[in-house]
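All values derive from a computational prediction rather than experimental measurement.
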Amino acid sequence: MDGTAIILANGYLNSDYAKTSHGLIRGTDRYEILAVIDPQTAGMDAGIVTDNIKRDIPVFDTIAAMKATIKRQVDYGIVGVATKGGIIPEALMNDIVEAIKEGYTIINGLHQYLGDRPELVQLAQTYGTRLVDIRKPKPAAELKFWSGKIYSVDTPIVAVLGTDCSLGKRTTARFLRDSTRKAGLSSEMIFTGQTGWLQGGRYGFIFDATLNDFVSGELEHAIVTCHEEVNPDIIFVEGQAALLNPSGPCGSEFIISGNCRGVVLQHSPAREFYSGWEDLKLRIPPIEQNIKLVESLGAKVLALTLNTKDISPENARNYQKEYEKKLQIPVILPVEEGTDALNHVFKDYVKNFRNGDNL
């Protein structure tokens with residue numbers, strides 16, 4: 001599906017629901033992103049909106065305005081949001097319809113399928129284009145059941161897990177892969193969500209579009225295939241949801257079924273309650289409790305990475321120092337400073353693993 005694309009993010013680009021947009025803006029090996037459609041931030045550079053880094057991806061208020069400026073063929077229109085429950089926002093529907101009329105193939109990673117809307121299917125047929133719902137579950141016959149082959153992988157596997165959802169685990173995993181590659185390690189990343197696939201991930205699966213019986217097997221299969229085909233020095237696995245969030249308690253499968261003996265834990269100091277559950281006052285447990293859970297499953301937290309949204313730079317640095325002193329592990333701010341500071345951690349981890357230290 002490689003080609004040129006625009007991102008449809010009508011009204012969402014500057015919100016947490018735009019993590020698909022943000023991931024594609026930060027980088028994708030699958031598409032060339034030409035522009036973003038978002039009236040609220042029109043006129044800005046999409047990289048500035050995402051993380052204050054200019055990336056020469058302009059934001060327009062309409063597809064018509066984009067076409068008047070960018071004189072290139074557009075192959076794809078990508079739905080650039082990841083909403084709670086995977087519902088297609090009505091705010092995007094006009095842009096989706098307009099993109100279909102322009103002949104763009106529409107890529108949708110939400111649980112609600114474009115292909116289930118007869119009027120859109122008919123429109124796509126009329127204009128000779130396609131609707132591609134990438135989050136549709138595979139048939140059970142195509143899925144892998146857990147087999148135990150994971151124990152044949154003699155490569156250290158590190159999961160990036162979170163104390164809450166929507167913290168940037170995929171972004172951190174991608175940063176770690178890229179920075180350790182620059183440091184001389186042959187690193188690979190296992191994607192587990194639709195944005196990772198959209199970014200061109202070679203190994204992985206879409207976790208929440210997989211029948212539950214086969215999640216552990218698909219995770220194992222992705223890691224084993226990566227190991228067998230490229231035999232990297234280290235494998236980073238993108239985590240999902242959160243270790244102790246009752247609406248999505250996810251982490252144990254990565255550690256146990258994926259044999260991830262190392263963990264990078266992502267956390268937001270600004271959050272008191274689980275995102276989306278503030279009304280129930282579901283409080284995020286202390287980091288120490290999350291670390292104890294990881295250790296009880298036979299893994300080790302190698303570093304803490306902080307999501308600093310809604311935190312001033314000064315307070316972010318203060319949190320960084322506080323956690324380093326309290327936890328006695330490296331603590332970094334991946335968006336602000338990258339992940340190069342952890343390269344020595346993973347070089348040592350690989351070296352110790354090769355010497356027989358499985359942790």
Side-chain angles (χ1 to χ4, degrees), residues 1 19-20 23-24 28 30 78-79 81-88 107-116 131-153 157-162 164-171 173-174 177 188-229 235-260 263 266 276 297 299:
M1 286 194 182
K19 63 182 184 179
T20 296
L24 291 169
T28 169
R30 190 178 298 276
I78 303 173
V79 176
V81 300
T83 58
K84 189 175 181 179
I87 303 301
I88 300 170
I107 309 296
N108 171 43
L110 295 171
H111 286 306
Q112 190 177 40
Y113 306 138
L114 295 175
D116 286 346
L131 308 175
V132 181
D133 294 305
I134 65 171
R135 220 166 177 176
K136 279 191 172 181
K138 292 180 181 178
E142 296 179 15
L143 295 170
K144 302 292 188 298
F145 199 75
W146 193 85
S147 68
K149 289 182 180 178
I150 191 69
Y151 298 128
S152 68
V153 176
I157 309 164
V158 176
V160 180
L161 305 179
D164 195 10
C165 307
S166 301
L167 286 177
K169 297 181 289 294
R170 172 190 38 77
T171 296
R174 190 175 169 92
R177 182 202 65 181
E188 291 292 338
M189 172 184 160
I190 306 298
F191 72 84
T192 57
Q194 73 274 14
T195 304
W197 182 91
L198 288 166
Q199 288 179 308
R202 184 176 175 186
Y203 301 103
F205 70 110
I206 300 179
F207 182 96
D208 59 7
T210 302
L211 291 170
N212 189 60
D213 276 358
F214 299 97
V215 167
S216 58
E218 287 293 295
L219 173 64
E220 177 190 54
H221 177 68
I223 296 171
V224 170
T225 302
C226 175
H227 173 257
E228 290 178 347
E229 291 186 358
I235 296 173
F236 294 101
V237 179
E238 171 199 4
Q240 289 294 324
L243 281 161
L244 292 166
N245 187 330
S247 71
C250 190
S252 60
E253 273 182 299
F254 289 89
I255 294 171
I256 298 171
S257 304
N259 201 27
C260 299
V263 168
Q266 186 115 339
L297 296 172

Just verifying a value: how many Å separate S252 OG and L243 CG, rounded to the nearest 0.5 Å? 8.5 Å
First locate atom CG of L219, then atom CZ of F205, and finally report the distance between them rounded to the nearest 0.5 Å. 5.0 Å
Is it the case that the side chain of Q266 and the backbone of L167 share a donor-acceptor pair, with hydrogens and angles ignored and the cut-off at 3.5 Å? yes
Would you say that T28 contacts L198 through its side chain, given a criterion of any heavy-atom pair below 4.5 Å between the two side chains? no
Return the CZ to CD1 distance between F207 and I190, rounded to the nearest 0.5 Å. 14.5 Å
For the residue pair I157 and V153, what are the closest heavy atoms and their distance? CD1-CG1, 4.2 Å
Closest heavy-atom contact between Q194 and T20? NE2-OG1, 4.0 Å
For T195, does its backbone N or O pair with a side-chain atom of R170 as donor and acceptor, under 3.5 Å? no
Side-chain donor/acceptor of Q199 to backbone N/O of G23, under 3.5 Å: yes
Looking at side-chain heavy atoms only, is the closest gap between V132 and N108 below 4.5 Å? no
Identify, with sequence neighbours excluded, every residue that meets salt bridge (charged side-chain N to carboxylate O under 4.0 Å, His left out) alongside D133. none
Test E253 against V215 for side-chain contact (heavy atoms from CB on, under 4.5 Å), laying out the working first. CA-CA 8 Å; E253 273 182 299; V215 167; 3.7 Å; yes
On a heavy-atom basis, the closest approach of L297 and I256 is CD2-CD1, 3.8 Å
When rounded to the nearest 0.5 Å, the distance separating CG of D208 from SG of C250 is 9.5 Å
Tell me if a side-chain donor or acceptor on R135 pairs with a main-chain N or O of G109 at a distance below 3.5 Å. yes
Heavy-atom side-chain contact between L244 and P249 under 4.5 Å: no
Would the distance check show the side chain of T210 and the main-chain N or O of I206 forming a donor-acceptor pair, the cut-off being under 3.5 Å? yes
Would you give me the side-chain donor-acceptor pairs under 3.5 Å for residues 141-149, sequence neighbours excluded?
unit_1: W146; atom_1: NE1; unit_2: S257; atom_2: O; d: 3.1
unit_1: S147; atom_1: OG; unit_2: K149; atom_2: N; d: 3.2
unit_1: S147; atom_1: OG; unit_2: E220; atom_2: OE1; d: 3.0

In plain terms, say whether R202 and E188 are close enough for a salt bridge, that is, a side-chain N and a carboxylate O under 4.0 Å apart. no
What pair of heavy atoms forms the shortest contact from A299 to I255, and how long is it? CB-CG2, 3.8 Å
Using atom types as modelled and distance alone, determine if a side-chain donor or acceptor of T192 lies under 3.5 Å from a backbone N or O of Q240. no
Compare all side-chain heavy atoms of I235 with those of V158 and state whether any distance is below 4.5 angstrom. no
Return the minimal non-hydrogen interatomic distance between A159 and F254, and the atom names on each side. CB-CB, 4.4 Å
Side chain E238, main chain A173, donor-acceptor under 3.5 Å: no
Examine distances only and state if a side-chain atom of D213 and a backbone atom of G217 form a donor-acceptor pair shorter than 3.5 Å. no
If you take the centroid of each ring, where Trp contributes its six-membered ring, are F191 and F236 closer together than 6.0 Å? no
Shortest non-hydrogen contact from C260 toward V237: SG-CG2, 4.1 Å
